[in-house]
Amino acid sequence: MLGVSGPVPTQLLGIFVKEPRAGKVKTRLCPPLQLAEAAALYEVALRETVERFSVSTVPVVLFYAGSAEYFQKNFPGLPLWPQADGDLGQRMTEALSLLLATGCRSAGLIGSDSPDLPLAQVDAAFSALAEHDVVTVPAGDGGYVLIGSSRPCPDVFQGIDWSTDVVSAQTRQRAEQNAISFCEVGGWTDIDDQASLLALLKRTPNSATAHYIREKLQYCLSPVE
């Protein structure tokens with residue numbers, strides 16, 4: 001159904017991706033960036049994310065927003081599925097349901113704005129799903145950079161104030177309220193503002209995204225006041 005070839009894998013990783021169009025991605029980085037610069041940066045992070053995880057041991061499915069042609073051209077051979085309508089919770093609920101419907105034992109979702117997310121943290125999250133219904137890798141801004149499940153658990157996506165600093169706390173609360181076995185593994189930061197750009201440069205200076213920031217966006221590298 002999702003275009004995953006061969007025997008049904010035991011694990012599947014979905015990556016939420018957007019066509020990198022100015023004004024549609026990473027707008028919280030503007031300012032200091034211009035809209036076109038933010039889109040170009042996002043495209044670099046998108047490519048790094050997909051390239052890193054598409055050669056990992058867990059098969060990847062791209063859940064896209066925007067033009068399918070863009071992803072078919074730039075990431076040929078990877079399964080593509082359009083994101084569902086609705087808010088982020090509805091889209092993630094549908095994506096995890098589709099992944100689990102293939103018959104895999106566990107499924108995870110990440111975004112394309114944490115290009116240096118360690119593979120070890122993703123592996124640890126999948127390992128934890130052997131004993132839990134839902135697992136997240138929390139983000140420094142109060143959200144999460146990965147969520148995975150071993151069975152459909154739509155209740156953890158209900159009534160969440162998306163894009164706020166209470167997403168993780170509310171997710172834990174929904175899990176407890178609905179008797180869903182839940183745990184958190186590790187922790188990371190996505191690219192959302194100037195401070196997170198500087199943090200990425202410091203922790204992963206040799207990443208493709210860090211190289212791009214240093215080469216193309218020097219003017220935004222002054223420490224945040």
Side-chain angles (χ1 to χ4, degrees), residues 2 4 8-17 45-46 48-63 78-79 81 83 88-89 91-158 160 162 165-176 178-192 196 199-200 203-204 207 209:
L2 289 171
V4 179
V8 175
T10 58
Q11 302 167 338
L12 281 172
L13 180 67
I15 305 178
F16 266 34
V17 294
L46 163 65
E48 184 168 24
T49 301
V50 175
E51 288 170 3
R52 288 182 64 237
F53 284 97
S54 61
V55 296
S56 69
T57 58
V58 180
V60 162
V61 175
L62 301 185
F63 288 92
L78 287 182
W81 197 261
Q83 292 182 29
L88 180 58
R91 287 182 280 137
M92 290 195 291
T93 297
E94 177 69 10
L96 285 172
S97 295
L98 286 168
L99 293 173
L100 290 169
T102 66
C104 67
R105 291 203 299 262
S106 55
L109 292 175
I110 62 172
S112 43
D113 51 3
S114 300
D116 60 339
L117 175 63
L119 301 182
Q121 290 206 26
V122 177
D123 290 341
F126 275 108
S127 293
L129 285 171
E131 299 179 356
H132 296 278
D133 299 323
V134 174
V135 172
T136 64
V137 174
D141 61 3
Y144 46 76
V145 297
L146 176 150
I147 187 165
S149 62
S150 56
R151 65 177 180 87
C153 295
D155 290 324
V156 297
F157 300 109
Q158 300 297 316
I160 304 295
W162 301 109
D165 60 1
V166 296
V167 170
S168 279
Q170 289 180 335
T171 302
R172 290 192 296 271
Q173 185 180 49
R174 298 296 178 272
E176 182 178 356
N178 292 279
I180 294 170
S181 175
F182 174 86
C183 78
E184 295 177 332
V185 174
W188 208 247
T189 303
D190 49 18
I191 302 175
D192 274 330
S196 59
L200 182 144
R203 70 174 180 254
T204 324
S207 66
T209 305

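Numbering of residues begins at 1 and proceeds along the displayed sequence.
The CD atom of Q158 lies 9.0 Å from the CZ atom of R174; values are rounded to the nearest 0.5 Å. The CD atom of Q170 lies 13.5 Å from the CZ atom of F157; values are rounded to the nearest 0.5 Å. Residue R172 holds its CZ atom at 6.5 Å from CZ of F182, rounded to the nearest 0.5 Å. One distance of note links CZ of F63 with CH2 of W81; it measures 8.5 Å at 0.5 Å rounding.
Under a 3.5 Å cut-off, the side chain of T136 and the backbone N or O of E184 do not form any donor-acceptor pair. Under a 3.5 Å cut-off, the side chain of N178 and the backbone N or O of I180 do not form any donor-acceptor pair.
At a threshold of 4.5 Å between non-hydrogen side-chain atoms, the residues F53 and I15 count as touching. Side-chain contact between E48 and S207 is present, with heavy atoms from C-beta onward closer than 4.5 Å. Side-chain contact check for L98 versus L100: every heavy-atom pair is 4.5 Å or farther apart. Looking at heavy atoms from C-beta onward, D190 lies in side-chain contact with D141 at the 4.5 angstrom threshold. Using a 4.5 Å cut-off on side-chain heavy atoms (C-beta onward), H132 and C183 make contact. No side-chain heavy atom of V145 sits under 4.5 Å from any side-chain heavy atom of I110. Contact annotation: the side chain of L109 approaches that of L99 to within less than 4.5 Å [non-hydrogen atoms, C-beta and beyond]. Residues I160 and V167 have side chains in contact (heavy-atom distance under 4.5 Å, counting atoms from C-beta outward).
Among residue pairs with one or both ends in residues 114-130, those qualifying as salt bridge (charged side-chain N to carboxylate O under 4.0 Å, His left out) are D116-R203; sequence neighbours excluded. Evaluation of the side-chain hydrogen bond (donor to acceptor under 3.5 Å, both in side chains) test over residues 142-152, restricted to residues two or more places apart or in two chains, returns D133-R151. Counting only residues at least two apart or on different chains, no salt bridge (charged side-chain N to carboxylate O under 4.0 Å, His left out) pair has a member in residues 51-62.
In this structure, S106 and L129 approach most closely via the heavy-atom pair CB-CD1, 3.7 Å. Here the closest non-hydrogen pair linking G186 and V137 is C-CG1, 4.3 Å. Residue R91 comes nearest to Q83 through the heavy atom pair NH1-OE1, 2.7 Å, listed as atom of the first residue, atom of the second, then distance. Of all heavy-atom pairs between G108 and F126, the closest is N-CZ, 3.7 Å. Residue D113 comes nearest to P115 through the heavy atom pair C-CD, 3.4 Å, listed as atom of the first residue, atom of the second, then distance. Across T209 and A45, no two heavy atoms sit closer than the pair OG1-CA, 3.6 Å.
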Begin from the C-alpha positions of M92 and I147 and carry the test side-chain contact (heavy atoms from CB on, under 4.5 Å) through to its verdict.
CA-CA 9 Å; M92 290 195 291; I147 187 165; 4.1 Å; yes

Please determine whether side-chain contact (heavy atoms from CB on, under 4.5 Å) holds for the pair V58 and V122, giving the CA-CA distance in whole Å, both sets of side-chain angles, and the decisive distance to 0.1 Å.
CA-CA 9 Å; V58 180; V122 177; 5.5 Å; no

Would S54 and L78 count as a side-chain contact (heavy atoms from CB on, under 4.5 Å) here? Give the steps.
CA-CA 8 Å; S54 61; L78 287 182; 4.2 Å; yes

side-chain contact (heavy atoms from CB on, under 4.5 Å) for V61 and L13? Distances and angles first, verdict last.
CA-CA 6 Å; V61 175; L13 180 67; over 6 Å; no

